[in-house]
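For reference, the structure is listed below as structure tokens.
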Number of protein chains: 2
Amino acid sequence: MSVRNSLLALLATRSAHGYALKSAFEHCTAGAWPLNVGQVYTTLARLARDGLVRSTQPQDHDTDRHPWEITPAGRDALADWYRRPIDPRPPRDELAIKVLLALALESGAVDQVLQTQRTATMQRLQEYTLTKRDTDPHRQLAVLLLLDAQILKAQAELDWLDLCAARIREHRAGSAS
Amino acid sequence: MSVRNSLLALLATRSAHGYALKSAFEHCTAGAWPLNVGQVYTTLARLARDGLVRSTQPQDHDTDRHPWEITPAGRDALADWYRRPIDPRPPRDELAIKVLLALALESGAVDQVLQTQRTATMQRLQEYTLTKRDTDPHRQLAVLLLLDAQILKAQAELDWLDLCAARIREHRAGSAS
DNA sequence: TCAGTATGTATACCGGGTATATATGTGTCA
DNA sequence: TGACACATATATACCCGGTATACATACTGA
């Protein structure tokens with residue numbers, strides 16, 4: 001959904017070709033999520049099918065390439081996206097699933113899973129922190145915000161891993177008695 | 001990927017039918033992510049194609065339904081999953097994308113986006129906290145761990161939203177001067 | 001006995017995402 | 001000048017995750 005809505009947001013400021021949309025998306029998001037061009041075209045086709053976007057009419061002796069523009073219905077859909085919070089239903093959380101399955105099926109393996117993940121996440125956190133130190137908060141605001149997000153998520157993950165380990169310890173102590 | 005690996009993990013403890021795998025997955029993950037049965041069968045078919053799983057040989061006068069079992073290659077793949085941390089490449093973060101696009105394209109809209117999201121996330125956090133209060137840490141360990149994860153993520157999201165607002169304020173103050 | 005629910009399998013369909021084929025223009029460097 | 005890399009530009013094939021649905025059978029309780 002995010003690419004779909006992003007394309008609407010970009011087209012709301014000015015009409016553009018598919019390729020330009022890819023570039024603009026990557027520019028706005030500071031290159032954090034490279035966008036496959038193919039996806040732009042298929043997404044545009046779906047948006048057109050749903051009446052949120054249309055290709056501008058070719059001028060008389062124009063080439064047969066003409067940019068896409070947003071429709072009124074598209075502006076409505078975009079306004080909805082801005083107005084509503086992001087869908088709160090959590091997508092499948094691979095780490096949580098892995099931990100819960102290990103706990104349920106091979107409870108000996110769960111400590112190893114927690115430990116491995118902790119090391120890897122700690123490593124990532126350090127990389128983010130180093131990168132952040134070299135980020136100019138005036139000229140690279142988007143990069144900085146993204147790093148903030150990744151750092152906060154990594155820290156939350158570490159907290160959760162520690163909490164898991166503690167709760168599982170307690171649980172075992174409780175069961176043993 | 002998480003369903004694929006989960007099926008391997010479940011089959012590693014005992015062979016089972018597709019439907020039983022669905023039930024077992026939901027049981028292990030405390031019902032947090034209902035699993036569509038259809039996905040179980042298509043995923044099993046892919047696992048079989050890749051040689052990680054096979055359907056057990058039917059006994060002589062057996063019905064033509066027989067459970068799936070994991071292969072040695074499947075056990076290797078599962079061990080890999082347990083051994084390696086979850087892929088650190090962050091998937092597209094819809095909230096971050098929305099904030100960055102709003103900031104870049106309609107910087108007036110970003111405050112509204114941040115505020116709306118903050119309210120919604122705060123609400124969710126309160127719901128999680130209420131649910132957690134009614135969770136027995138001995139009999140519902142999995143539920144508790146999941147709630148911990150959701151709470152920590154929601155708090156991290158709130159922190160990020162506040163940080164965004166602050167950084168954007170600063171940035172505007174800096175640009176204005 | 002009939003309706004509802006659990007068990008069980010299969011398939012169609014959609015959307016997100018990647019890879020790839022295929023052009024054309026543009027700049028640059030030996 | 002010709003070769004080569006690279007950006008611009010579009011289209012399509014393919015895979016995977018995920019949902020909906022059709023279709024059975026068996027149990028179970030009103």
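Predicted, not measured: the structure shown is a model, and the values here were computed from it. Every chain is numbered from 1, with letters handed out A, B, ... down the list of sequences.
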Send over the distance from B:Asp93 CG to C:dG17 P, rounded to a whole Å.
12 Å
Describe, as an angle rounded to 10 degrees, how the axis at the first end of the helix from C:dT1-D:dA30 to C:dA30-D:dT1 is tilted relative to the axis at the last end, five pairs per end.
0°
Looking at A:His17, I'd like to know whether one of its side-chain N or O atoms comes within less than 4.0 Å of OP1 or OP2 on D:dT10.
yes
Check whether A:His138 reaches the backbone of B:His171 with its side chain - one donor and one acceptor, N or O, closer than 3.5 Å.
no
Among D:dG17, D:dG18, C:dT9, find the nucleotide with the atom closest to the side chain of B:Val3.
D:dG18
Output, in order, the C-alpha distance, side-chain angles, deciding distance and verdict of side chain to side chain donor-acceptor pair (under 3.5 Å) for B:Trp81 and A:Glu94.
CA-CA 11 Å; B:Trp81 188 50; A:Glu94 184 160 5; 3.2 Å; yes
Interatomic distance, CG@B:Leu11 vs CG@B:Leu52, rounded to 0.5 Å, equals 10.5 Å
Is the phosphate of D:dA9 approached by A:Tyr19 (side-chain N or O, under 4.0 Å from OP1 or OP2)?
no
Pair B:Lys153 + B:Glu157, salt bridge at N-O below 4.0 Å:
no
First locate atom CD of B:Gln115, then atom CG of B:Asp111, and finally report the distance between them rounded to the nearest 0.5 Å.
9.0 Å
Sorted by number, residues from residues 36-53 of chain A placing a heavy atom under 4.0 Å from DNA chain D are A:Val37, A:Gly38, A:Tyr41, A:Thr42
For the CG atom of B:Leu8 and the OH atom of B:Tyr82, what is their distance to the nearest 0.5 Å?
9.5 Å
For the pair made of CG in B:Leu7 and P in C:dT9, what is the distance, rounded to whole Å?
13 Å
